[in-house]
Each structure stands twice: as C-alpha cells, then as structure tokens.
Amino acid sequence: MLSPPLWLLAELTYRCPLHCVYCSNPLDYHACDRELTTAEWIRVLREARAAGAVQLGLSGGEPLARGDLEIIVGEARALGFYSNLITSGVGLDQPRAAALRKAGLDHVQLSFQDSTRELNDFLSHSRTFDLKLAVARTLKAEGYPIVLNVVLHRHNLDHIEKILEMAQRLEVDFLELANVQFYGWALLNRAHLLPTADQLARAEQAVQRFRARHGEQMRIYFVVADYHERRPKRCMNGWGAVFMVITPDGLALPCHQARIIPHLQFPSVRDFSIPEIWNNSAAFNHFRGDAWVREPCRSCPEWQQDRGGCRCQAWLLTGDAAATDPVCELAPGHDRVVAALNATAGATRGPLRFRDDAASRQFIIEARRARHGR
Amino acid sequence: MNQLDSAAIPALAPHYRLQWEPAQNAHVLLYPEGMIRLSPSAAEIMRRIDGSASVEQIVVALEAVYAGADLRADVVEFLTVAAARGWLRMRQRA
C-alpha cells in the first residue's frame, strides 16, 4: 500500500523581492500568471490533510507576498498541520509576525545569503541584510523556533565560521547549511558557484570544530555538495514516497524541480483531487517501484540506498530522466560531472545571471523559438 | 540508569507538538522539519505529560491503568531518553 504524502510544500507564489543567483524556481517562472486563489489553497490543504499530510512548508518565491497568508496559516493550524514559513524575511515586520503566530504558524525558516552585508546583498541583488537581522530578532521575541538557512557555494564557503557565529548570536534553534544544488538558476550559474574540494573539506572541519565546542544547543543540518560525492543523493526519499509540491499555478510535483522533465504531464489541483493525484496519476507513479530502473543501477547492491539518485539531475545532465544520476561514479554520464568540476579551474565563466522577471521572460522567448525550430 | 528524580516534572519541549494521526494510526511528535511516530507505550506515557504531573504521578497513573505491572523502570528509561533527545524539559517542583 502507498504511504501518505506526509510532507506538503505549498509554493504560494513565484513573486519575490530577491534575485538570488541560485534560485530554485524554474527559469520560466514568469510564465505563471494565474496563482491559486485562497479558496483553492484551502481545498488543497483539506484534501492533503485528509490524505495524511502533516508537515506543511509555505514557500515561494516569497510567501509573504500573498496577502492571504494569515488565512492559509489559520486553516492549516485548524486542520492539524505543523506549519513552516520559508522566507527571505522581506515583509515580516512585527505586526505580521505576531499575526501569523496568532494564526498558528509553528516555525520559520529564514534565509541569509551570507554573514556579510556585502555578499548577502550582492548575491540576492537586494538590500536585505540588515532587514534580515531585524527579522531574526523579531521572530525570537515572538517565540518562534527559527531555522536559519544559508545556501553554500564557492563565494561563501570560506565564511563558514562567521556564518556559524552569526547563527549563534541570533540564537536560532537550527542552522541549515545547504550546499547549493544545481537546478534552475544555480545550474545556469554553475561555473561561478561550484566550490572546490578543498573549500568543502575546510568548511566541514569548521563545522565539526564548532559542534565539538558548542554541542547540540543549535542543531546543524548539512546538505552535502553532491557533485563532490561518489554516490548520488536519494531522490526526496523516493519519487512520490513522502513529498508533494504544489506550484503557484497549481501543478502537483514529486519534488521542487520535476516540472522540467518534459515528457511527464503533471496534474493540476484545478483538475484533480490530492488523493487522485497521489494514488493514480501517471506522473507520480512514473518512478515508483523499480520497473523503470536500468543498469548499472538494476544490479547494483546499493540501489536501495540511493535509488539511482535524482531524476531531475539525470534529465538535466544526460537528457534521460531514467538514467543513473551522473553524480554516481558508476554512472555512464559521470563524465559530465567531472567536466563541470574541471571547468571551475578555467577562467571562462560568462556573466552571472540574476533571477529576475526580465531574464525569465528572455528564457520563455528562447524556449518558444527553440520549439518552433528557429 | 535511575538518574531521574521521581519528583521531577516533565513538560513537552517548546516547538514540539503531540497529536493523534489517524492516517498513521499512531500518536506522533511534530517539530521543525520532522516527525516522530510513537509506539503505543511511548504514546501512553507522553499523553500523561502535562507540565504539572511529576514522574512519580505518571508512574502511578499508568500502573492504575495497567494493574499489576511494574512500569517504573520502563517509564523512567523512556523519559530519560526523551529528555536526552530534546523532546522533554525537566523541572524540579518549586
């Protein structure tokens, strides 16, 4: 029997005041012009909760851009969700933080781009560093547990000790050190963002020293830099196993990135109920089980551990979503990852591309031209 | 093993929530980024933690339900582990 979709991620909007160079939203996000309404989100929450969902992430874009966030949070609390606001902090002043707390929001994941104002503001192309510090203090005063999230890459890995100190000074409960994963805008900017193996080793040592000195008062999660690993990461604990994302325009996905796989038709919550999507849709069933698995995974003794890695990464790097994730040393496509790692030593990087509406519109036009063979 | 004072009063740590999940047919503990599915016996103990009952009172309450069983060692062991994992905070009676 299928286990329920325990974890629901509601991407409430693609609108965002930040322009991060590693944004995980799709390159063509600007094509999304019809966000789900309040009533549609409430129906999604009710159906998902009835189907067994319990953890709710409210994400985006910047979810605070939705004026109905308090209503959505209130409904989530009434239904028994444990809810998490995943935010840049922009728009989270004291009255709003208090209103969301009152509505029943359980915790907040606040992003920082770096421990320095200069790099934080440069990477997000926004003046937000001081505002984020103020938001962290407001959240603390309102009694929220705080997860501080920092995406790590070539330009800030050497600041890891300062990042740890900043998190400690802000008295956050959890620190998520998330090495950048190469999808969307991050893939576009990969040559700028890929760290060196030395940088990663030094950062991991710094985290170990910090843990030895300060214990587990602040829990630290470390998301590994998969390009530097010998084996791939497990896809969301399995495709369609525990996780469901709803995009701002209502598509249901097994992970943040899946809509990039072109031959899968992802169902919309405007057309189908959550149980219909989870149990019966072709897209959610596509990579369940092991009928789709090929060599070298099929006969691999480690298959159950990583399930061949990430389907989206396989698609992006090889053009075949059923291939072994090229991060794996045993994958036929592993040379793509090796080439990317080697290329970081070179000097040809091209311009850094910031996520913004103009750039997104450009991708939409280019994709249309490519489809029409021009 | 028995380091836990029987007069100590356990309370659920802030940010943790205990609730019944029909879909899991179990009680669960919810916290940022995670969920712990409790065994029936763990749930029986957790349900009696209200921030005012002492360890002693919890043992007595459980032994009243499960007559004849000596549950003290099991309850103390569970509470010790739960506190070490950060699910519970212990305070002494004022």
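Every chain is numbered from 1 and lettered A, B, ... according to where its sequence line falls, protein lines coming before strand lines. Every value quoted in this text rests on a predicted model; they were computed, and no experiment measured them.
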With chain B, the option among A/Tyr221, A/Tyr144, A/Phe174 that has the most non-hydrogen atom pairs under 4.5 Å is A/Phe174
Might you confirm whether atom CZ of B/Phe78 has over 12 heavy atoms from other residues, nucleotides or ligands at distances under 6.0 Å? yes
When you check the gap from the basic side-chain N to the acidic O, do A/Lys102 and A/Glu70 get nearer than 4.0 Å? no
If the threshold is 4.0 Å, N to carboxylate O, is there a salt bridge linking A/Arg219 and A/Glu176? no
Looking just at side-chain N and O atoms, do A/Ser88 and A/Glu62 make a donor-acceptor pair shorter than 3.5 Å? yes
Quick one: which of A/Gly57, A/Ala50, A/Ala53, A/Gly80 has the most heavy-atom pairs under 4.5 Å with chain B, could you say? A/Gly80
A/Tyr82 portion near chain B, given a 4.5 angstrom heavy-atom threshold: both
Does any heavy atom of chain A fall under 4.5 Å from the side chain of B/Gln24, the backbone, both, or neither of them? side chain
